[in-house]
Amino acid sequence: MLQISTDRWRILLAVTLINLLIVGISFFFLLESRNRYRELARVRATNLTHVLNENIGGNIDTVDVLIKSAANEYLRMKRNTSGYLPEFESYLEKQNALFGEVDILRVADERGDIIYGISSKKIINIADREFFKSARADIEQKLIFSQPLLGKASGKWSIYFARRLNNPDGTFAGIVYAGYLIETLNKKISNIDVGKKGTIVFRNAEGALLTRHPVLSADVATPGMKNSSSQLMAFIKSGSAAGSLEVLVPADKTWRISSFERIKNYPLYVIVGIGFDDFLAQWNRELTFTSLGVLSFFLLSIFFTTNLLKEIKRRAISQEQLLSSEYNFRTFFDSIDYFLFVLDMEGRIIKVNQSVVSRLGYAEEELIGKDVLQVHPEFRRDEAALRVKGMLEGTETFCPVPLECKDGTQIPVETRVTIGNWNGKPAIFGITKDISELRESEEKFSRAFSVNPCLMAISTVEEGRYLEVNDAFLDLLGFERSEVIGRTSTELGIFNNPETRQNVRQLLMANGSVKDLQITVNTKSGQLCHGLFSADTIRLQNRDLLLTVMVDITKRIAAEHELVTSRDAAEAASRAKSEFLANMSHELRTPMNGVIGMAQLLGYTKLDSEQKEYVDIIISSGTSLVTLINDILDLSKIESGKIVLEQTEFSLRACINDIAAAQRAMAEAKGLIFDVSVSPDVPDSLIGDPMRLRQILLNLGSVLN
């Protein structure tokens, strides 16, 4: 037991050390890679800075030459001629056209008034400008730079370069100055690629902003603003002519490697910054893949270590048990139905499972060491290589290129890969799924879709654009396939009611599907068709699509309409019959009651026995006929829906006495005594239908008679 425990701890320690070593190595290489990308970014920034320094410095040299030439020519002409010098104006224009680096070139007298110049004829005084004051105080006549200023004539931001003019006695005679529009400087640097987060900035020795690419909003990047980082300003103030640093730029809160150089001997600086996000983008991808590899190795090590510790716990540390474990793993590896490939980092096959050997028809020895592209069709191997590369870079999810068997047959598959370790070395694991059944299922769906008698269509969920429709759709609605594909139901005018599609969309959003919604659609010729509409989302080719089905019920609707029409006609005939019977029964009962009444009165007269018998027959037959008529009347009223029980107040005793009086004569004629008594407890005033009550009591009396 002690030996087993010791071995367990040794294994755990070894696995831990290996994982720590892998993590450490990965971290070391990632750190080295990060430093390499940082150094490349620094070199790139330094090179761009140097190129811009040479370019802009040369431009400034050209401007200085232009100013010196204009100053010398002006002083020469002034010594030879007094008054206005029109030929000097022409000279300035020619010089500016020759050099082409400045936007204005002017001469101001000792009061600051512009006396000669190009680009503006406006009378301007620049005595309040700092560069004029500096030139007036500068006995050495050196080149003077201004802060970024808004031009009095142009209204645009410019940098001004000036040199002092002296009279023959050395007194101040004015200045020659040139204006360099900042937007001109912007054009020179706008096409330089410094990445998405990179910048090119020009500042003067005081840190004032001249221009910036790319341009930011005016509140953080207006010419003249002093919003440079404190680290950069410290370098500039120290007198450093060039340098580089990593700094968080205040203007846009972005970390950059920034390189700066002083433009020759001028008090101007060019700063090129490369954003961390730009030069570390590739490193971040390396970090992701390395992390996946380390994680895969870590998970595999946990898996193998757990199994090994379980074996140790069972006291199975012998070589036989290790061989058994290897056999079990091989069995597991080979029992999986998927095609499993283990590749080295060059794409050569290291290991395959039994599914690869049995399904593709190769011997394992024929595959080991070969490029995995060999098991793909030759004309699609380049596509497979690009797909695998895309999966490793995270831009692809799977590879759809089929596998090719040794006999040339192809198996439709979906392949996914990941990076890990195999036998202590980096490896690529490929898992390939056979989708033959899925393809067959899609083909069956396609056939069922095409021959289905119902109208079926597949469209996009967002816009409802038809991607496919079946023959029943085209036959019923009368469209050609080319007229339908790529268009919507609204564009084709299919829905009779414009709100129908909106209602269907709302039902789909609320319930996820639509079932048996009765709608009306238009054919191409304008005829109306009725149908039961259903819709649901389906997954095809890795995208959600809308499957719509409509059962044509136009003939059924027409048949139902005919049935309703026939039923209404039959009901109308039945009502007419019932009303006729009701009217006829009423008309017959009235004269019949008169006949019976007169026969009863005749019975009270002196009649012989034969006459008495005839009268009784008349009364009996009439009474039977009245009863039959009453029954027909009630039946007809029930059928016609006209029978109504009245709710009126009446006297019960009066109603009973009236009936008793009518029955008493018939009872006495038969030698019977007919008498009616009502208990005092029975209320006299009731609410009901007295006529129906009389009819019931008369029927009872007829039974007694």
Side-chain angles (χ1 to χ4, degrees), residues 34-60 145-150 156-159 180-238 240-264 266-284:
R34 194 175 193 274
N35 290 335
R36 184 175 69 257
Y37 286 121
R38 178 187 284 107
E39 185 59 27
L40 289 173
R42 192 187 309 278
V43 170
R44 184 184 177 204
T46 301
N47 291 339
L48 283 175
T49 303
H50 186 69
V51 170
L52 288 170
N53 184 355
E54 292 295 325
N55 183 271
I56 302 302
N59 291 343
I60 296 176
F145 295 81
S146 77
Q147 297 284 351
L149 298 172
L150 279 173
K156 298 180 179 179
W157 286 98
S158 301
I159 308 168
Y180 198 98
L181 283 177
I182 288 179
E183 67 180 32
T184 302
L185 183 57
N186 286 340
K187 293 177 182 178
K188 289 180 177 293
I189 63 175
S190 60
N191 294 325
I192 300 176
D193 182 16
V194 289
K196 295 180 180 179
K197 297 292 185 178
T199 59
I200 299 175
V201 180
F202 286 89
R203 294 185 182 274
N204 62 19
E206 286 77 30
L209 177 68
L210 303 182
T211 186
R212 183 188 193 279
H213 168 70
V215 179
L216 296 179
S217 59
D219 57 340
V220 295
T222 300
M225 293 185 68
K226 296 181 179 181
N227 57 352
S228 179
S229 65
S230 58
Q231 298 98 315
L232 179 61
M233 286 306 303
F235 270 99
I236 293 175
K237 290 180 179 179
S238 68
S240 299
S244 63
L245 68 160
E246 297 181 11
V247 62
L248 177 63
V249 179
D252 55 5
K253 310 299 182 187
T254 301
W255 278 96
R256 296 186 178 91
I257 289 181
S258 296
S259 175
F260 69 92
E261 284 189 21
R262 181 168 179 168
I263 299 178
K264 294 193 173 181
Y266 302 123
L268 299 174
Y269 288 84
V270 57
I271 304 127
V272 176
I274 305 297
F276 277 30
D277 290 347
D278 293 332
F279 74 79
L280 290 181
Q282 180 63 31
W283 182 82
N284 288 331

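Counting begins at 1 with the first residue of the sequence. No hydrogens, no waters, no symmetry mates; every other heavy atom, side chains included, goes into these values.
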### Message
Restricting to side-chain contact (heavy atoms from CB on, under 4.5 Å), what partner residues turn up for D278, sequence neighbours left out?
### Response
K196, K197
## Note on the structure
When every non-hydrogen atom of I274 is compared with those of A41, the smallest separation belongs to CG1-O, 3.8 Å
### Summary
Smallest heavy-atom separation, R262 atom then N53 atom, equals O-ND2, 3.0 Å
### Working for side chain to side chain contact (heavy atoms under 4.5 Å, CB included), residues I182 and I159
CA-CA 7 Å; I182 288 179; I159 308 168; 4.2 Å; yes
Within the side chain of [X], is there an N or O that forms a donor-acceptor pair under 3.5 Å with the backbone of [Y]?
{"X": "N47", "Y": "V43", "result": "yes"}
{"X": "N284", "Y": "L280", "result": "yes"}
{"X": "S259", "Y": "T49", "result": "no"}

Nearest 0.5 Å please: distance from the [atom1] atom of [X] over to the [atom2] atom of [Y].
{"X": "I56", "Y": "E261", "atom1": "CD1", "atom2": "CD", "result": "12.5 Å"}
{"X": "D277", "Y": "R256", "atom1": "CG", "atom2": "CZ", "result": "9.5 Å"}
{"X": "S258", "Y": "R42", "atom1": "OG", "atom2": "CZ", "result": "10.0 Å"}
{"X": "I189", "Y": "N55", "atom1": "CD1", "atom2": "CG", "result": "10.5 Å"}

### Task
Take L48 and I200 through the test side chain to side chain contact (heavy atoms under 4.5 Å, CB included) and record every step on the way to the result.
CA-CA 9 Å; L48 283 175; I200 299 175; 5.8 Å; no
### Query
For residues N35 and R38, is any side-chain donor paired with an opposing acceptor at under 3.5 Å?
yes
### Query
Heavy atoms, side chains only, cut-off 4.5 Å: are L52 and I192 in contact?
yes
### Query
Side chains of P148 and N204: closer than 4.5 Å at any heavy-atom pair?
yes
### Message
Taking the basic N atoms (NZ, or NE/NH1/NH2) and the acidic carboxylate oxygens, is any pair closer than 4.0 Å for E39 and R36?
### Response
no
### Query
Could you walk me through whether I263 and F202 pass the side chain to side chain contact (heavy atoms under 4.5 Å, CB included) check?
CA-CA 10 Å; I263 299 178; F202 286 89; 4.0 Å; yes
#### Entry: side chain to side chain contact (heavy atoms under 4.5 Å, CB included) between I257 and F279, intermediate numbers included
CA-CA 10 Å; I257 289 181; F279 74 79; 3.8 Å; yes
### Message
My understanding is that only residues two or more places apart in sequence, or in another chain, count here; which of them pass ring-ring contact (aromatic ring centres under 6.0 Å, His included) with F260?
### Response
F235
